[in-house]
Structure formats: C-alpha cells, structure tokens
Amino acid sequence: MSANIAQGTGYKPQTRTISITSGKGGVGKTTVVCNMATWLARMGHNVLVLDGDLGMANVDIMFGTRCQYSIKDLLLGSKRIEEVIHQIDQRIWLIPGGNGFHELQSLSEREKRVLLDQLSSLKQHFDYMLIDTAPGIDNNVMYFNISAQEIYVVVTPDPSSFTDAYALIKVLHTYYKEKRFSIIANQVRDEAEGLAVFQRLSDVSQKFLYISLDYIGSLPSDVGVRRATKNQQLFVKSMPETPAAQSIKKMAEKIATSQNLGQVKGGIQFFWEQLMGVA
C-alpha cells in the first residue's frame, strides 16, 4: 500500500460516515454496501468500507477477495492499520470484519488511545466510509450506528423485516436519541412497492416515535441479481444495465448530491472516538 493512504496531504473535505444497517439478516444489506461503494468509486469518490459484522464477516468475499487480517487484529493490537486495511481497487479500501469478536468496549483506555492514534492517520483521506453493520440490536450494532453521521436502514417487504426495522429505529431513537434515519427498500417488485414499504414505515415512526424518515430509494429483485449475489459477484459490474444496477446508480447519485442538512456529528475521527468510547 502506498504511504499516502495513511498520510493524507493537503485539505480534503470531511469524510461522510454512513452506517448501513438492518433489523434482521437476509435483507441484502452487504449486497447494497458493496454495490453502492463500487458505484460511488465509479463516480470518482474514494470509499472506505468497514465490515462491522464482528461475528460473521463476509464483505471481503462479496468483493471477490480474502483478507489475511481484520479489524479484530487491529482492535487487539496485533497488527497496524497499514497491515489491516485492504485495497480492493483504485478507489475502494476495506477494513475487514472479524469473527467471534463481540465486545468493542473491552479494551483498556491506553489500548483505545493507541488504536485511535493509528486510525486518525486515515482522517479526511476518504470521501465516504460505509459501515456494514451486523443485523439486529446488540451492543456492537448500536455502537456502529450511533457513531456514524448517517444511519441507513435496509428493509424488505417481508413483514418480519418491517417489524425488526421498526424495532431497530425505536431502540436507536428511544435509548440513543437518534432522530434521523434514511430508508433503502430492497428486494421489491418495483419502485411503487419500494415507496409503499417506505411510506408504511415512515407513517408508523411518525405516529409512535414522532420522527420522520428519509427515502433513499429502492432496489428491485430479479433472478439476475440473486444469481450474481449467490456467485459473489457485484451486479453493478456484471450486469450494469439491469434495473437493480440503475437503482444503485440513482441512489449513489442522490447520496453524493445530498447536503445532509442538520447533521452535527463529525467525520471519520469522530466516528472512531465515539466507537471506542474515548472522550
């Protein structure tokens, strides 16, 4: 890896940190993350992907690679950031998730500070950091979500996905005071069904939590997308003209042109400090 990955030079705009999360597994969250990162990179943005699933990490597999080290080695202090971060292509880098590492906040204060000193070298080098969280509402999922600037919730038309997505939003709002959530409707028949899924979730959240949700877009499901995912291929590369790939393109463009109004959280350094619980 070239030295300038860890040693940014000159001023760069603040990195946007976005957690992409879900209330349950099987909603296509990792597929969204990897294809979204690929299209943002195609638009000329530098993207850092963090696999935040510390129990069953698989982002590296979706990118068609196998990483020797992971965030687990970084958090345990056995490897440096330069050894853990993996360059996927010209504009995408990955910090792979670990397996069976379930408690971020078990590190000592000294270990946290040493870790942050390493991670701070990544500050403002990337345009985006996309965090692929584990599904559900356990502590690690909460830490990743509340540490990011923006929270994107992936939901499908499946009733259990809807229920679990609402539960996730409720916990983040009630116990962590999060007020802004963006929704991606996945595995829908068409845009109309995606909007209907969003509207239903938005109505319930507004009625019972008094918060409004933002709509990022929807991702239609078809046989080609399912085949590409099963074969661990990125459909924006293997099938760029399909409706699914065009939907990812549309969402990436919307994200890139949005101003994220009202956001008060900081960038990538703030994310790491919040995640590690360092004041």
For [Y], is there any backbone N or O sitting under 3.5 Å from a side-chain donor or acceptor partner on [X]?
X      : Y      : value
Gln87  : Asp89  : yes
Lys254 : Tyr215 : yes
Thr242 : Met239 : yes
Ser258 : Ile255 : yes
His173 : Glu178 : yes
Glu83  : Arg80  : yes
Ser202 : Phe198 : no
Glu193 : Val188 : no

Under 3.5 Å, which donor-acceptor pairs link side chains of residues 50-61 to any protein atom two or more places apart or in another chain?
unit_1: Asp51; atom_1: OD1; unit_2: Asp53; atom_2: N; d: 3.2
unit_1: Asp51; atom_1: OD2; unit_2: Asn58; atom_2: N; d: 3.1
unit_1: Asp51; atom_1: OD2; unit_2: Val59; atom_2: N; d: 3.0
unit_1: Asp53; atom_1: OD1; unit_2: Gly55; atom_2: N; d: 3.1
unit_1: Asp53; atom_1: OD1; unit_2: Met56; atom_2: N; d: 2.9
unit_1: Asp60; atom_1: OD2; unit_2: Cys67; atom_2: N; d: 3.4

Roughly how far, to the nearest 0.5 Å, is [atom2] of [Y] from [atom1] of [X]?
X      : Y      : atom1 : atom2 : value
Ile184 : Thr156 : CD1   : OG1   : 13.0 Å
Phe181 : Tyr166 : CZ    : OH    : 11.0 Å
Met251 : Gln246 : CE    : CD    : 11.5 Å
Ile85  : Leu74  : CD1   : CG    : 9.5 Å

If the condition is side chain to side chain contact (heavy atoms under 4.5 Å, CB included), which residues does Ser22 pass it with, not counting sequence neighbours? Val27, Lys29, Pro135

List for me each residue that meets side chain to side chain contact (heavy atoms under 4.5 Å, CB included) alongside Ser247, sequence neighbours excluded, and say none if there are none. Leu219, Pro220

Among the clusters formed by ILVMFWY side chains lying less than 4.5 Å apart, do Met142 and Phe144 turn up in the same one? no

Report whether Phe63 and Phe235 are members of the same hydrophobic cluster (ILVMFWY, side-chain heavy atoms less than 4.5 Å apart, transitive linking). yes

Pairing residues for Gln68 by the side chain to side chain donor-acceptor pair (under 3.5 Å) criterion, not counting sequence neighbours: none

For Asn35, enumerate each residue passing the side chain to side chain donor-acceptor pair (under 3.5 Å) test, keeping only those at least two apart in sequence or located in another chain. none

Does the side chain of Ser19 come under 3.5 Å of the side chain of Asn145 through a donor N or O and an acceptor N or O? yes

side-chain contact (heavy atoms from CB on, under 4.5 Å) for Tyr152 and Val32? Distances and angles first, verdict last. CA-CA 11 Å; Tyr152 291 6; Val32 170; over 6 Å; no

Does Glu150 come within less than 4.0 Å of Arg16, counting only side-chain N to carboxylate O? yes

If I compare all heavy atoms of Ala37 with all of Ile92, which pair ends up nearest, and what's the gap? O-CD1, 3.7 Å

Closest non-hydrogen contact found for Tyr128 with Ala256 is OH-CA, 3.2 Å

Val33 side chain near Met36 side chain, heavy-atom distance below 4.5 Å: no

Phe162 versus Arg200: any side-chain heavy-atom pair under 4.5 Å? yes

Among Leu40, Asn46, Thr15, Val47, find the one that has a side chain to side chain contact (heavy atoms under 4.5 Å, CB included) with Asp127. Asn46

Residue that, paired with Thr21, satisfies side chain to side chain contact (heavy atoms under 4.5 Å, CB included) out of Ile131, Val141, Asp132: Val141

Please table the atom pairs, donor to acceptor, closer than 3.5 Å between any side-chain atom in residues 203-212 and protein atoms at least two apart or in another chain.
unit_1: Asp203; atom_1: OD1; unit_2: Gln199; atom_2: NE2; d: 2.9
unit_1: Ser205; atom_1: OG; unit_2: Leu201; atom_2: O; d: 2.9

